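Following: one structure in structure tokens, then a few remarks.
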Amino acid sequence: MYALVDANSFYCSVERSFNPSLEGKAVIVLSNRDGNVVARSDEAKKLGIKMGQPFFELKELREQHEIAVFSSNYTLYGDISSRFMSLLCRFVEDVEVYSIDEAFLHVDGYDSIYPSYEGLGKSIKETVAKRLRIPVCVGVGPTKTLAKLANKLAKQRPELGGVCVLDTPEVIDKALATFPVGDLWGVGSKSAAKLKKNDIDTAAQLRDVPDDWIRQIMTVNGLRLVHELRGFPCKLLEVSAPPKKSICTEPGFGRLVPDLNTITDALTTHLTRVCEKLRKQDSLCSAVVVSLHTKRYRKIPANGLPALQYHNHLTVVLPHPTNSTPELLKYAESGLKAIFKFGYNYQKVGIMLIGLVPSDYRQKGIFAEGPNEKLLTLATVVDKLNYRYGQDKLRLASQMYNPDWPMKQEYLSKCYTTRWKDILEAH
DNA sequence: TCTGGGGTCCTAGGACCC
DNA sequence: TCTGGGGTCCTAGGACCC
């Protein structure tokens, strides 16, 4: 049996846990640069605020109702998340961290400690509430898909007390009979539409379709999903996260930028961040993809001419895998120069590291040089110093510092758990 | 009459997840 | 004024190999 433990409105709950006066009030958390809504408390959902809704659209609503607004504070959420996961590891041996706010658990073989799955679920819920003041729901089922479904029911039906166990065929049948097929894990909007066309509206109906048919319309993923609904596990627990296969970043500038110099500065900064992640997972990358975009949603200006659009990307294959920032920068910059076109107002530049291989992988081309070992060592030293003395204390001369564009974060909370000066004071 | 058969690797695009 | 960001997996088709 699998359990899925998932925090309720995680980002909002974290903000609340350090500010109890927000209890019972509408809370929202915004995306980078305060652009869109990425998390909503139940009260905010009731006001009709949609996931992903642009923040500026809420102006009127905010005048009518009291809504607590926060910029996203990933330092804080990340730290609370890791505390959350460590708590879960005290309950069972096998824990798969599935996302920042949810984890799958293997829950078999603990009968002597927890006589029932309900008991285990309640115990987890109470402990997380007590230690972190984060509300969670627990769903239990014979497969990950059913655990996920159970979790959703636990959230929807307050009478369950936050724990839903699907353990017998009868209980599972009953749950599937009314569960909308589009709410299943792995059914997105496209598949939901296709299924609807074929008169499949509930999870129970999907469970009973022929294998060949579902494979045809939803590929092997759909087949796996159907088997999971029938109670045969196809998705197993991944206790140790496999290394990432690609690492990318593509944040917007926050304003429109026409010149290559500024864009190159931003590229250097982005590259510095992704290289740090690359080295942290102990990998080398064998190619970089640079991309450049103008702004998509620009309104047609007064002169009636739509803003010129330009989107392009280029893959630069390296002569040998590396994780050295200056070395990668050379190739990334050449890629940028190749796709940059004068005369546009750009919104963002992106960088993606692909073809990641373990760092002990040293495959030399017959005539090409291997990675420069000195540069690799240098990168390690730079990381250590920056970890100790603060991000970007040691940086490339070409990296923009104190960027002049606004990193809009008007509603940022403090880093209560990771920065000495931000620790709460008790009076 | 009859025009092989089996495989790998890469890429772009689609779909999905949080 | 103002519209996010970071990932994974699968498939079909092309190119290539023997």
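Residue numbers start from 1 in every chain, and the chains themselves are labelled A, B, ... in the order their sequence lines are given, proteins ahead of strands. Here the structure is a predicted model, which is why all the values come from computation and not from measurement.
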Handout entry: Residue pairs fulfilling ring-ring contact (aromatic ring centres under 6.0 Å, His included) with at least one residue in residues 179-227 of chain A, sequence neighbours excluded
Key = A:Tyr98-A:Trp185, A:Phe104-A:Trp185
I'd like a list of close polar pairs between nucleotides 6-11 of chain C and the protein, N/O only, cut-off under 3.5 Å.
from, atom 1, to, atom 2, distance (Å)
C:dG6, OP1, A:Thr249, OG1, 2.7
C:dG6, OP2, A:Glu250, N, 2.5
C:dG7, OP2, A:Cys248, N, 2.6
C:dG7, OP2, A:Cys248, O, 3.3
C:dT8, OP1, A:Lys245, N, 3.0
C:dT8, OP2, A:Ser246, OG, 3.1
C:dC9, OP2, A:Lys245, NZ, 2.8
C:dC10, OP1, A:Arg224, NH1, 2.9
C:dC10, OP1, A:Arg224, NH2, 3.1

Practice task
Grab the CE-P distance between A:Met51 and B:dC18 for me, whole Å please.
Solution key: 10 Å
Handout entry: DNA chain B contacts made by residues 179-203 of chain A, counting heavy atoms under 4.0 Å
Key = A:Leu184, A:Trp185, A:Gly186, A:Val187, A:Gly188, A:Ser189, A:Lys190, A:Ser191
Problem - NZ/NE/NH1/NH2 to OD/OE distance under 4.0 Å, A:Lys25 and A:Asp42 - result: no
Practice task
Flag the pair A:Val239 / A:Glu96 as yes when at least one side-chain heavy-atom distance between them is below 4.5 Å, and no otherwise.
Solution key: no
Handout entry: salt bridge (Lys or Arg N to Asp or Glu O under 4.0 Å) between A:Lys148 and A:Asp183, intermediate numbers included
Key = CA-CA 10 Å; A:Lys148 195 92 179 166; A:Asp183 290 353; over 6 Å; no
Exercise for the section: With sequence neighbours left out, write down each residue that passes side-chain hydrogen bond (donor to acceptor under 3.5 Å, both in side chains) with A:Lys155, or none if nothing qualifies. Expected result: A:Asp6
Handout entry: A:Arg33 side chain near C:dG5 phosphate (N/O to OP1/OP2, under 4.0 Å)
Key = yes
Completion exercise
When rounded to whole Å, the CD1 to C1' distance for the pair A:Ile217 and B:dC16 reads 15 Å
Problem - Residue pairs involving residues 123-143 of chain A (criterion salt bridge (charged side-chain N to carboxylate O under 4.0 Å, His left out); sequence neighbours excluded) - result: none
Handout entry: A:Leu30 CG to C:dG5 P, straight-line distance once rounded to whole Å
Key = 13 Å
Exercise for the section: Please measure how far the P atom in C:dC18 lies from the corresponding atom in B:dT3, and state the result in whole Å. Expected result: 25 Å
Practice task
With a 4.0 Å heavy-atom cut-off, tell me which residues in residues 347-355 of chain A come close to DNA chain C, sorted by residue number.
Solution key: A:Lys348
Practice task
Would you tell me whether A:Asp79 and A:Tyr77 have side-chain atoms, one donor and one acceptor, within less than 3.5 Å of each other?
Solution key: no
Handout entry: salt bridge (Lys or Arg N to Asp or Glu O under 4.0 Å) partners for A:Glu93, two or more places apart
Key = none
Practice task
Given salt bridge (Lys or Arg N to Asp or Glu O under 4.0 Å), test A:Arg40 with A:Glu15 step by step and report yes or no.
Solution key: CA-CA 11 Å; A:Arg40 309 152 296 157; A:Glu15 297 293 353; over 6 Å; no
Exercise for the section: Check every strand shown and say whether A:Asp101 touches a base, only sugar-phosphate, or nothing at a heavy-atom separation below 4.0 Å. Expected result: sugar-phosphate
Handout entry: Whole-Å distance separating the CG atom of A:Leu58 from the C1' atom of C:dT1
Key = 15 Å
Exercise for the section: Give a yes or no on whether the ring-centroid distance for A:Tyr310 and A:Phe340 is below 6.0 angstrom. Expected result: no
Exercise for the section: Have a look at A:Glu102 and say if it touches a base, only the backbone sugar-phosphate, or nothing, with a 4.0 Å heavy-atom cut-off. Expected result: sugar-phosphate
Practice task
Sort out for me which residue in A:Leu105, A:Leu87, A:Leu237 forms a side-chain contact (heavy atoms from CB on, under 4.5 Å) with A:Val95.
Solution key: A:Leu105
Handout entry: Criterion ring pair (Phe, Tyr, Trp, His ring centres under 6.0 Å) on A:Tyr2 and A:His106, from CA distance to verdict
Key = CA-CA 5 Å; A:Tyr2 297 86; A:His106 249 156; 5.0 Å; yes
Exercise for the section: Could you give me the stems involving DNA chain B, meaning stretches of three or more consecutive Watson-Crick or G-U wobble pairs whose two defining distances are both below 3.5 Å? Expected result: B:5-18 with C:5-18
Handout entry: Set of residues satisfying ring pair (Phe, Tyr, Trp, His ring centres under 6.0 Å) with respect to A:Phe55, sequence neighbours excluded
Key = A:Tyr411
Exercise for the section: Return the value, rounded to whole Å, for the distance between atom CD1 of A:Ile100 and atom P of B:dC17. Expected result: 19 Å
Problem - Close residues, residues 135-158 of chain A, relative to DNA chain C [heavy-atom separation under 4.0 Å] - result: none
Handout entry: A:Asp211: partners by salt bridge (Lys or Arg N to Asp or Glu O under 4.0 Å), with sequence neighbours left out
Key = A:Arg230
Fill in the blank from the handout: Taken in chain and number order and not counting sequence neighbours, the residues that satisfy side-chain hydrogen bond (donor to acceptor under 3.5 Å, both in side chains) with A:Asp201 are none
Problem - A:Thr325 and its side-chain contact (heavy atoms from CB on, under 4.5 Å) partner, picked from A:Arg279, A:Arg273, A:Glu276 - result: A:Arg279
